[in-house]
Structure formats: structure tokens, C-alpha cells
Participant: 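Before I ask anything, here is the structure I am working with.
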Amino acid sequence: MKLVLAIINNDDTPIVTAQLTKAGFYMTKIASTGGFLTAGNTTFMSGVDDDKVDELIGIISKFSKKRLQPTVAHNPGFFTGGSHDVSSTSVQEVLVGGGTIFVLNVERFEHV
């Protein structure tokens, strides 16, 4: 048995949930936040038999899309010779989405 932890962008959570449920997978969902953009994510936890891991990962991969997201970048300030530093901001696009998946061995599982 394996424990699959999958961190998915919130935009993909509804379709991933629906498709995993349709395929018969049970999961626990936990709201989480990414560190880089502090964007909302959902962390899925699912205990599955070894022979079902690839199917589960396939569904997550198919329905977790990477996308470009605009973000504000702060350019470092520079000294103007006066009492104030000048800094600027610009909008840049970064690649977000997709999923990060961990597969862990389960030594023991009990449903009580």
C-alpha cells in the first residue's frame, strides 16, 4: 500500500476531485499555501494499493494544468544621491500549476 500526497493548484482542485472520485479513489483534501507566490493549493492524501498508484498519478497529471500567471516583481532600488532610494516594479509572468506528487510506503493501515 502507498500513501500519495499530491499538491495541486486550487484552480484545478474541482476537476481533479471529480475525476478521482469518478475513478473510485478516496481522498482527504487539505487547504495549503505555496511558499513562492503564496498561492492557494490543495493537498490531496490518498491511500492506494500499489497497483493503482500509476492510475491515480495519471488522473492528477491529466487534469492539473500548468499556466502562466502574472505577478508583480520588485526590482531592487538604487541610490539617487539624495535621502531616498528609488525602486520600481514590473509585471512578470511565472509558470504555476501542475502538481507535485509524493508516493510513500505504508507499513500499516487500519480503518477503525
Side-chain angles (χ1 to χ4, degrees):
M1 175 164 258
K2 304 291 185 195
L3 174 64
V4 178
L5 300 175
I7 304 165
I8 307 297
N9 186 285
N10 273 349
D11 293 340
D12 298 324
T13 296
I15 188 68
V16 170
T17 300
Q19 294 300 317
L20 288 175
T21 301
K22 181 179 174 182
F25 290 102
Y26 299 101
M27 83 250 9
T28 298
K29 298 186 301 183
I30 301 171
S32 53
T33 304
F36 178 62
L37 296 175
T38 63
N41 296 314
T42 301
T43 300
F44 290 84
M45 297 187 320
S46 186
V48 297
D49 291 326
D50 291 9
D51 62 339
K52 294 288 189 179
V53 171
D54 289 338
E55 180 183 357
L56 185 138
I57 291 174
I59 292 169
I60 293 170
S61 298
K62 182 175 180 180
F63 294 101
S64 299
K65 303 298 178 194
K66 292 183 180 178
R67 60 188 67 77
L68 290 174
Q69 177 177 325
T71 186
V72 176
H74 296 281
N75 299 320
F78 58 91
F79 184 69
T80 61
S83 61
H84 301 289
D85 289 336
V86 175
S87 64
S88 64
T89 59
S90 63
V91 176
Q92 296 179 348
E93 290 186 326
V94 294
L95 188 62
V96 298
T100 302
I101 302 171
F102 301 90
V103 179
L104 297 95
N105 289 321
V106 175
E107 286 186 33
R108 183 174 173 173
F109 168 77
E110 292 186 33
H111 185 74
V112 295

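Just so you know, these numbers use all the heavy atoms, side chains as well, and skip hydrogens, waters and symmetry mates. Here the structure is a predicted model, which means the values were calculated and not measured.
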Participant: Considering non-hydrogen atoms only, spot the tightest contact between G47 and L3 and give its length.
Facilitator: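 Heavy atoms of G47 and L3 come nearest at N-CD1, 4.3 Å.
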
Participant: Please round to the nearest 0.5 Å and tell me the distance separating atom NZ of K65 and atom CG of D12.
Facilitator: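 It is 8.0 Å, given to the nearest 0.5 Å.
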
Participant: Counting N and O atoms only, with roles assigned by atom type, does the side chain of S46 sit under 3.5 Å from a partner on the main chain of Y26, one being a donor and the other an acceptor?
Facilitator: yes

Participant: For residues 49-58, please give each side-chain donor-acceptor pair under 3.5 Å, one per line with the distance, not counting sequence neighbours.
Facilitator:
| unit_1 | atom_1 | unit_2 | atom_2 | d |
| --- | --- | --- | --- | --- |
| D50 | OD1 | M1 | N | 2.9 |

Participant: Check whether L5 and I30 end up in the same hydrophobic cluster, where Ile, Leu, Val, Met, Phe, Trp and Tyr are linked by side-chain heavy atoms less than 4.5 Å apart.
Facilitator: yes

Participant: Measure the CD1-CE distance between I60 and M27 for me, rounded to the nearest 0.5 Å.
Facilitator: 8.5 Å

Participant: Under 3.5 Å, which donor-acceptor pairs link side chains of residues 15-22 to any protein atom two or more places apart or in another chain?
Facilitator:
| unit_1 | atom_1 | unit_2 | atom_2 | d |
| --- | --- | --- | --- | --- |
| T17 | OG1 | T13 | O | 2.8 |
| T21 | OG1 | T17 | O | 2.8 |

Participant: Are I8 and I59 connected into the same hydrophobic cluster when the rule is that any two of I, L, V, M, F, W, Y join if their side-chain heavy atoms are below 4.5 Å apart?
Facilitator: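 Yes: a chain of side-chain contacts under 4.5 Å links I59 to I8.
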
Participant: Only distances under 3.5 Å count here; give the side-chain donor-acceptor pairs of residues 99-112 to other protein atoms, sequence neighbours excluded, each with its distance to 0.1 Å.
Facilitator:
| unit_1 | atom_1 | unit_2 | atom_2 | d |
| --- | --- | --- | --- | --- |
| N105 | OD1 | K2 | NZ | 2.3 |
| R108 | NE | E110 | OE2 | 2.5 |
| R108 | NH2 | E110 | OE2 | 2.2 |

Participant: Between N9 and D11, which heavy-atom pair has the shortest distance, and what is it?
Facilitator: OD1-N, 2.8 Å

